[in-house]
Amino acid sequence: MYELLADIFQVDTFTIGVVAALTVMAAVMINAGTSSGMLTFVFLPAMVLGALAMVFALSRSGISFTAYQDANVIMSAVLGLTLGFLLMVVATRVIAWLTDANTRVVKNDNSAPLDR
């Protein structure tokens, strides 16, 4: 497991720059859309790890989108960042649903008289 993480994080400076630029752009869009700095801060590690893991996985498996290595790194990072973002959105929704299910208040207004 540690070797896999070491391989994922052992990237060149171009990949680090691409992932950093994409993550900053995604963070700005998340912050603008939600006005929540904490939500942006919580989503960042998943997006960075998703981007780096996808670059590693696609390069290791030999899957390429174009003949240019730099374009493959960019597209792999975008795909991984998007998947990391979607994973965090689903996790956030599931956690919100679980916590909301325990705190719901059932309103039963049987005290009103019936007019017939």
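Just so it is clear, the values below take in all heavy atoms, side chains as well, and ignore hydrogens, waters and symmetry mates.
Taken together through direct or relayed side-chain contacts under 4.5 Å among Ile, Leu, Val, Met, Phe, Trp and Tyr, Val48 and Leu86 form parts of separate hydrophobic clusters. Note on Val28 and Val42: separate hydrophobic clusters, where clusters join Ile, Leu, Val, Met, Phe, Trp and Tyr whose side-chain heavy atoms are under 4.5 Å apart, directly or indirectly.
Residues passing the side chain to side chain contact (heavy atoms under 4.5 Å, CB included) test with Ser59, sequence neighbours excluded: none. By the side chain to side chain contact (heavy atoms under 4.5 Å, CB included) test, Ser36 is found to be paired with Thr34, Met38, Leu39, residues two or more places apart in sequence or in another chain being considered. A search for side chain to side chain contact (heavy atoms under 4.5 Å, CB included) contacts involving Val90 returns Val94, not counting sequence neighbours. Residues satisfying the ring-ring contact (aromatic ring centres under 6.0 Å, His included) test with Phe56, not counting sequence neighbours, are none. Residues forming a salt bridge (charged side-chain N to carboxylate O under 4.0 Å, His left out) with Arg60 (at least two apart in sequence, or on another chain): Asp7. In terms of the side chain to side chain contact (heavy atoms under 4.5 Å, CB included) criterion, residue partners of Ala27 (sequence neighbours excluded) are, by chain and number, Thr40, Leu44.
Once rounded to the nearest 0.5 Å, the distance linking CG of Leu81 with CG of Leu49 reads 11.0 Å. With values rounded to the nearest 0.5 angstrom, Gln69 atom CD is found 10.5 Å from Ile74 atom CD1.
Membership of an apolar cluster is not assigned to Tyr68, as no side-chain contact below 4.5 Å to another ILVMFWY residue is traced. Apart from Leu83 itself, the hydrophobic cluster it occupies contains Met54, Leu58, Ile63, Phe65, Met75, Leu79, where clustering links Ile, Leu, Val, Met, Phe, Trp and Tyr at side-chain heavy-atom distances under 4.5 Å.
Among residues at least two apart or in separate chains, there is no salt bridge (Lys or Arg N to Asp or Glu O under 4.0 Å) pair with a member in residues 29-56. Within the structure, the ring pair (Phe, Tyr, Trp, His ring centres under 6.0 Å) test picks out the following pairs touching residues 74-93 (sequence neighbours left out): Phe43-Phe85. The stretch residues 67-94 participates, sequence neighbours left out, in no salt bridge (Lys or Arg N to Asp or Glu O under 4.0 Å) pair at all.
Contact between Gly84 and Met47 at its shortest, heavy atoms only, is C-CG, 4.4 Å. Across all their heavy atoms, Ala71 and Thr66 have their closest contact at CB-OG1, 3.4 Å. The heavy-atom pair separating Ala51 from Ala77 by the smallest distance is CB-O, 3.6 Å.
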Just list the side-chain donor-acceptor pairs under 3.5 Å for residues 12-23, sequence neighbours left out, or say none.
unit_1	atom_1	unit_2	atom_2	d
Asp12	OD1	Thr15	N	3.3
Asp12	OD1	Thr15	OG1	2.5
Thr23	OG1	Val19	O	2.6

